[in-house]
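Contents: one structure, followed by commentary.
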Amino acid sequence: MAFPYPLIALEEHWLAQSVRDFYVANNTKHPNDENGLVGMVTPALMKFGETRLKAMDESGVSLQIVSHAPNTLALDLATCVKVNNELSDLMEFRPGRFRGFATLPMAYPEAASRELRRCVEDLGFLGTLIDSNCAGRFYDDPFFWPVFEAAAELDVPVYLHPSPNPQTKPLLYDGNYPDAVAESLSEYGWGWHNETAVHFLRLFAAGLFDRHPTLKIVLGHLGEMLPFQLDRIEGIAARQWPHLGLELERNLRRVWDENVWITTSGMFFLAPMAAVLRQCKPDRIMFSVDYPFGKNEAGVAFLKALKAEGMVGDEVLEGIACRNAERLLKISVKW
């Protein structure tokens with residue numbers, strides 16, 4: 001049975017040759033190298049033609065919002081400009097089927113904010129997807145805040161996406177098991193989801209959302225573990241932190257409700273989705289596949305299961321499928 005609504009997928013990845021060249025120039029292996037743990041998907045990451053479009057059509061995905069795969073190195077401005085220009089050209093392969101999130105040189109925040117403006121105003125991009133750390137640094141440092149200021153002024157979202165952090169792996173994940181298992185645990189097996197959640201809490205504690213109250217943040221993977229822990233940290237922040245010298249104008253629940261959107265990317269499981277539905281307003285939940293790491297057909301099966309299990313009604317399901325993304329991104333999908 002065909003899915004009854006258009007589908008907008010927000011976290012769909014691609015790997016540019018210019019980024020691979022940047023890693024070669026810096027004598028570093030890219031995290032999506034063919035010989036790595038997820039190297040089997042690298043060919044699909046680099047393809048942007050009929051193969052990708054066929055996979056979308058077979059599952060009824062109307063629109064992909066494409067972003068670059070995560071990095072371990074902080075890209076320079078020249079490389080980011082190449083990536084964004086190439087993505088802009090690729091979007092024209094099938095107009096109306098692909099839109100983009102900008103790749104930014106986060107180690108150079110002023111340049112990154114200018115590049116975001118260029119991508120939005122000149123290339124028609126819909127926001128930016130940034131790695132969850134910049135060579136091990138986190139964005140609660142005001143050094144990085146020009147990027148968030150630009151996003152708020154442009155009224156486009158910042159998608160905070162997990163990325164490997166070689167600095168935390170030896171301390172937290174190396175152990176009495178193969179190093180490949182430690183690498184898996186430190187990334188998609190556990191670590192980078194946990195780190196992205198902590199990163200969001202750092203941004204909150206640093207007062208970023210007081211400084212920029214209209215900032216829009218997107219978190220993937222069913223909220224990066226935060227829905228499960230939200231009530232606990234909300235209570236601690238409200239009761240304890242003022243006595244520790246941190247007075248914030250907007251509490252965590254208000255920031256969560258007003259500044260945060262959640263996607264399903266690659267997390268097609270009903271139990272954690274139940275927590276998301278309890279913790280998030282219905283208009284803040286959006287569909288995503290995490291292509292090609294996730295499969296379009298698995299994402300569609302998950303949406304159908306939500307309805308079959310009685311977890312959502314038709315209006316909420318349609319919102320997750322496309323309408324919430326349309327409102328956030330200010331687009332209209334053709335159906």
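In what follows, residues are counted from 1 in the order of the sequence shown.
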Requested in this report: Give a yes or no answer on whether the side chain of Asn165 reaches the backbone of Gln167 with a donor-acceptor pair at less than 3.5 Å.
Outcome: yes
Query raised in the report: Can you tell me if Tyr139 and Ser132 form a side-chain donor-acceptor pair at under 3.5 Å?
Result: no
Requested in this report: Please check if any side-chain donor atom of Arg20 sits under 3.5 Å from a side-chain acceptor atom of Asn32, or the reverse.
Outcome: no
**Report entry** Face-on cation placement of Arg52 at Phe48 ring, 6.0 Å and 45° thresholds
**Finding:** yes
Report summary line: So CG of Leu63 and CG of Leu7: to nearest 0.5 Å the spacing works out to 10.5 Å
Query raised in the report: Do His212 and Glu149 have side-chain N/O donor and acceptor atoms under 3.5 Å apart?
Result: no
Query - For Val120, side chain to side chain contact (heavy atoms under 4.5 Å, CB included) partners two or more places apart - result: Leu116, Leu154, Val156
**Report entry** Shortest non-hydrogen contact between Arg284 and Val260, atoms and distance
**Finding:** NH1-O, 3.5 Å
Query - Parallel, tilted or perpendicular: ring planes of Phe3 versus Tyr5, cut at 30 and 60 degrees - result: perpendicular
Requested in this report: Salt-bridge test for Asp283 and Arg327: reply yes if a basic N is under 4.0 Å from a carboxylate O, no otherwise.
Outcome: no
Query raised in the report: Aromatic rings Phe302 and Phe268: how do their planes relate, parallel, tilted or perpendicular, breaks at 30° and 60°?
Result: tilted
Query raised in the report: What distance separates Thr72 OG1 from Glu187 CD, expressed to the nearest 0.5 Å?
Result: 9.0 Å
Requested in this report: Could you walk me through whether Gln64 and Tyr291 pass the side chain to side chain donor-acceptor pair (under 3.5 Å) test, one step at a time?
Outcome: CA-CA 9 Å; Gln64 273 193 355; Tyr291 180 90; 5.9 Å; no
Query - ILVMFWY network linking Tyr108 to Phe22, side-chain heavy atoms under 4.5 angstrom - result: no
Query raised in the report: Does a salt bridge link Lys169 with Asp179, judged by any charged N lying under 4.0 Å from a carboxylate O?
Result: yes
Query raised in the report: Which heavy-atom pair separates Pro213 from Asn259 by the least distance, and what is that distance?
Result: O-ND2, 2.9 Å
Report task. Report yes or no: do Arg253 and Gln279 form a side-chain donor-acceptor pair below 3.5 Å? Result -> yes
Query raised in the report: Same cluster for Val81 and Trp14 if Ile/Leu/Val/Met/Phe/Trp/Tyr side chains link at under 4.5 Å?
Result: no
Requested in this report: Output yes when Arg97 and Glu92 qualify as a salt bridge under the 4.0 Å nitrogen-oxygen rule, no when they do not.
Outcome: no
**Report entry** Candidate pair Asp155 and Lys330, rule salt bridge (Lys or Arg N to Asp or Glu O under 4.0 Å), full reasoning
**Finding:** CA-CA 10 Å; Asp155 194 29; Lys330 297 184 286 292; 3.3 Å; yes
Query raised in the report: In terms of side-chain geometry, is the basic nitrogen of Arg254 or Glu258 positioned less than 4.0 Å from the acidic oxygen of its partner?
Result: yes
Requested in this report: Tell me, with the steps shown, if Ser184 and Tyr173 meet side chain to side chain donor-acceptor pair (under 3.5 Å).
Outcome: CA-CA 9 Å; Ser184 174; Tyr173 299 102; over 6 Å; no
Query raised in the report: Do Arg117 and Glu153 sit within salt-bridge range, that is, some charged N less than 4.0 Å from a carboxylate O?
Result: yes
Identify all side-chain donor-acceptor contacts of residues 305-317 below 3.5 Å with residues at least two apart in sequence or on another chain.
residue, atom, partner, partner atom, Å
Lys307, NZ, Asp314, OD1, 2.5

Query - Linked, directly or transitively: Val41 and Trp192 (ILVMFWY side chains, under 4.5 Å) - result: yes
Report task. Taking atom types as modelled, find out whether Ser163 and Asn133 have a side-chain donor-acceptor pair closer than 3.5 angstrom. Result -> yes
Query raised in the report: Is the closest basic N to carboxylate O distance between Lys54 and Glu58 below 4.0 Å?
Result: yes
Query raised in the report: Does a donor on one side chain and an acceptor on the other come within less than 3.5 Å for Thr79 and Asp76?
Result: yes
**Report entry** Exercise: do Asn251 and Glu234 side chains pair donor with acceptor under 3.5 Å
**Finding:** no
Query raised in the report: Are Leu77 and Val83 linked, directly or through other ILVMFWY residues, by side chains that come within less than 4.5 angstrom of each other?
Result: no
Query raised in the report: What heavy-atom pair brings Leu215 and Ala151 nearest, and what distance separates the two atoms?
Result: CD1-CB, 4.2 Å
Report task. Please report the shortest heavy-atom distance between Ala205 and Leu248, naming the atom on each side. Result -> O-CD2, 4.0 Å
Report task. Please examine the side chains of Asp131 and Met106, heavy atoms only from C-beta on, and report whether any two atoms are closer than 4.5 Å. Result -> no
**Report entry** From CD1 (Ile8) to CG (Asn324), nearest 0.5 Å
**Finding:** 9.5 Å
Query raised in the report: Can a donor-acceptor pair be found between the side chains of Ser288 and Glu12 at a distance below 3.5 Å?
Result: yes
Query raised in the report: According to the interplanar angle, ranging from 0 to 90°, do the rings of Tyr23 and His30 count as parallel (below 30°), tilted (30 to 60°) or perpendicular (above 60°)?
Result: perpendicular
Report all side-chain donor-acceptor pairs from residues 219-230 shorter than 3.5 Å, counting only partners two or more places apart or in another chain.
residue, atom, partner, partner atom, Å
His221, ND1, Glu224, OE2, 2.7
His221, NE2, Asp290, OD2, 3.3
Glu224, OE1, His193, ND1, 2.8

Query raised in the report: Which word best sums up how the rings of Phe209 and Phe200 line up, parallel for under 30°, tilted for 30 to 60°, or perpendicular for over 60°?
Result: tilted
Query raised in the report: Would Arg118 and Asn85 count as having a side-chain donor-acceptor pair, cut-off 3.5 Å?
Result: yes
